[in-house]
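Starting from 1, each residue takes its place in the sequence as its number.
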Amino acid sequence: MGNIAILTDSTAYLPAEFCETREVHVAPLSVIFDGESYREAVDITTEAFYDRIEAGNLPTTSQPSIGETVELLEQLPSDVTDVIAITLSSGISGTYQSMVALNDMVDVNVHAFDSEISCMPQAFLVEEAVYLRDAGASAQEILDHLEKMRSMIRAYFVVDDLDHLQRGGRLSAAQALVGSFLQIKPVLHFQDKLIVPFEKIRTYKKAVRRIEEMMEESINDDGEGYCIGIIHANCPERQAEEIASLKAKFPKAHITGSHFGPVIGTHLGPGAIGITWYRRDW
């Protein structure tokens, strides 16, 4: 795969098979239950995580171990000179800053790239980086492309319960209180690297419909050339319903599903749905 390695963190929630076959290295974040730390997709499955959430156990989260990440990079093939490290938003995690700090600890050039988002949009960026690396692009060419692509990705999500975002410090107490009191299901998005309300909607179905309307405004009639992702937090039936709906509307789009794993699920809570899209050039 040349002298460039691709590194991301676990909140991209890429399939393990993809990471193995395309040589994508993953630094896991962790959830902490009662003082015990569990690396997502290593020490705890997404299913087991949501079981504990439903039982009333409320975790906190932590960024990847810097020591484990250094060890991971030290095991890269000797011909690797550059690492493209694509992280979740620096506004909600210190992971990006940790990747920047790696340059003082390892012998390869670590190019930390802040996705300014997380989950499937972050995975889109990783997939593009892999494609360009395999096509022979330089590290700078990959970074330049990711910079342009980042501004093109659209992503919105709806949560069932704002308390998870408020408790984790990702939404102000006042915003959560108003939303819960009025039974509002706000459409949320990332702005300036932070999770903020986009629009306040009264019901879940209307909130999802509003996202669909925005998608219809920005995607051509049949969706040709577009990648669309539907992300769910322990509500696969909602995901399946949305995928079927969007496939009917955009028959030529590439539509896939993913999930909110333990770390992001800690902040969104069960029942959340995310919808993301961008136009792929290849």
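Taking CG from Leu14 and SG from Cys119, the interatomic distance works out to 10.5 Å, rounded to the nearest 0.5 Å. The CD atom of Glu127 sits 7.0 Å away from the OG1 atom of Thr256 when rounded to the nearest 0.5 Å. We find the OG1-CD1 distance between Thr61 and Ile264 to be 8.0 Å, quoted to the nearest 0.5 Å. Distance check, rounded to the nearest 0.5 Å: NE2 of His232 to OG1 of Thr46 gives 8.5 Å. Between the OG1 atom of Thr11 and the CE atom of Met120 there is a distance of 13.5 Å, given to the nearest 0.5 Å. How far OG of Ser37 is from CD1 of Ile32: 5.0 Å, rounded to the nearest 0.5 Å.
By the rule that hydrophobic residues join a cluster once side-chain heavy atoms approach within less than 4.5 Å of another member, Val100 and Ile84 end up as members of separate clusters. Tracing side-chain contacts under 4.5 Å through hydrophobic residues (I, L, V, M, F, W, Y), one never reaches Met152 starting from Leu146; they form parts of separate clusters. Linking Ile, Leu, Val, Met, Phe, Trp and Tyr whenever their side-chain heavy atoms come within less than 4.5 Å puts Val159 and Phe190 in one cluster. At a threshold of 4.5 Å between side-chain heavy atoms, the hydrophobic network of Ile, Leu, Val, Met, Phe, Trp and Tyr places Met105 and Val80 in one connected group. Residue Val126 is grouped with residue Phe260 when hydrophobic side chains (ILVMFWY) are merged at heavy-atom distances under 4.5 angstrom, including chains of intermediate members.
Summarising the geometry of Ile86 relative to Ser115, their closest heavy-atom pair is CG2-CB, 4.4 Å, with the distance given to 0.1 Å. Here the shortest heavy-atom pairing between Phe49 and Pro59 reads CE1-CG, 3.8 Å. Here the shortest heavy-atom pairing between Pro64 and Thr95 reads CD-OG1, 3.3 Å. Contact record, Ala112 with Met99: CB-CB, 3.8 Å, taken as the closest heavy-atom pair. Between Val263 and Tyr13, the shortest heavy-atom distance links the atoms N-OH, 3.5 Å. Between Gln239 and Ile230 the shortest heavy-atom distance is NE2-O, 2.9 Å.
Using a 4.5 Å heavy-atom cutoff, the side chains of Ile211 and Trp277 are in contact. Between Ile195 and His267, the closest side-chain pair of non-hydrogen atoms is not below 4.5 Å. With contacts defined as side-chain heavy-atom distances shorter than 4.5 Å, the pair Ile6/His25 does not qualify. Contact of the Glu212 side chain with the Ser245 side chain is registered, since non-hydrogen atoms from C-beta on lie closer than 4.5 Å. For the pair Ile153/Met149, a side-chain contact is recorded, criterion being any heavy-atom separation below 4.5 Å from C-beta on. Counting only heavy atoms from C-beta outward, the side chains of Glu40 and Val31 never approach each other to under 4.5 Å. Here the side chains of Pro270 and Glu54 are in contact, with some heavy-atom distance below 4.5 Å. Taking 4.5 Å as the limit, every side-chain heavy atom of His111 sits out of range of all side-chain heavy atoms of Gln140.
The closest donor-acceptor contact from the side chain of Ser30 to the backbone of Ser62 lies at 3.5 Å or more, if one exists at all. Formation of a donor-acceptor pair under 3.5 Å by the Thr276 side chain with backbone atoms of Arg154 is found in this model. In this structure, the side chain of Asn103 engages the main chain of Val110 through a donor-acceptor pair within 3.5 Å. Between the side chain of Ser93 and the main chain of Ser90, no donor-acceptor pair closer than 3.5 Å is present.
Classification of Glu213 and Lys206 as a salt-bridged pair fails, no side-chain N sitting under 4.0 Å from a carboxylate O. Contact check on Asp160 versus Arg238 returns a salt bridge, with a Lys/Arg side-chain nitrogen under 4.0 Å from an Asp/Glu carboxylate oxygen.
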Review point. Would Phe124 and Tyr278 satisfy ring-ring contact (aromatic ring centres under 6.0 Å, His included), going step by step from the backbone distance to the final call?
Key: CA-CA 9 Å; Phe124 286 159; Tyr278 81 105; 4.8 Å; yes
Review point. Can you list the steps and then say if Arg39 with Leu29 is a side-chain contact (heavy atoms from CB on, under 4.5 Å)?
Key: CA-CA 6 Å; Arg39 294 168 296 172; Leu29 279 78; over 6 Å; no
Practice item. Step by step, work out the salt bridge (Lys or Arg N to Asp or Glu O under 4.0 Å) result for Asp114 and Arg150. Key: CA-CA 9 Å; Asp114 186 351; Arg150 182 173 57 193; 5.5 Å; no
Practice item. For the pair Glu23 and Arg133, evaluate salt bridge (Lys or Arg N to Asp or Glu O under 4.0 Å) and give the outcome as yes or no after the intermediate values. Key: CA-CA 11 Å; Glu23 297 187 16; Arg133 177 203 61 188; 5.0 Å; no
Practice item. Carefully, step by step, assess Leu102 and Val83 under the rule side-chain contact (heavy atoms from CB on, under 4.5 Å). Key: CA-CA 10 Å; Leu102 286 172; Val83 175; over 6 Å; no
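In this structure, Tyr156 has its ring center under 6.0 Å from that of Phe198.
Side-chain contact of Asp9 with Gln122: a donor-acceptor pair under 3.5 Å is present, judged by distance alone.
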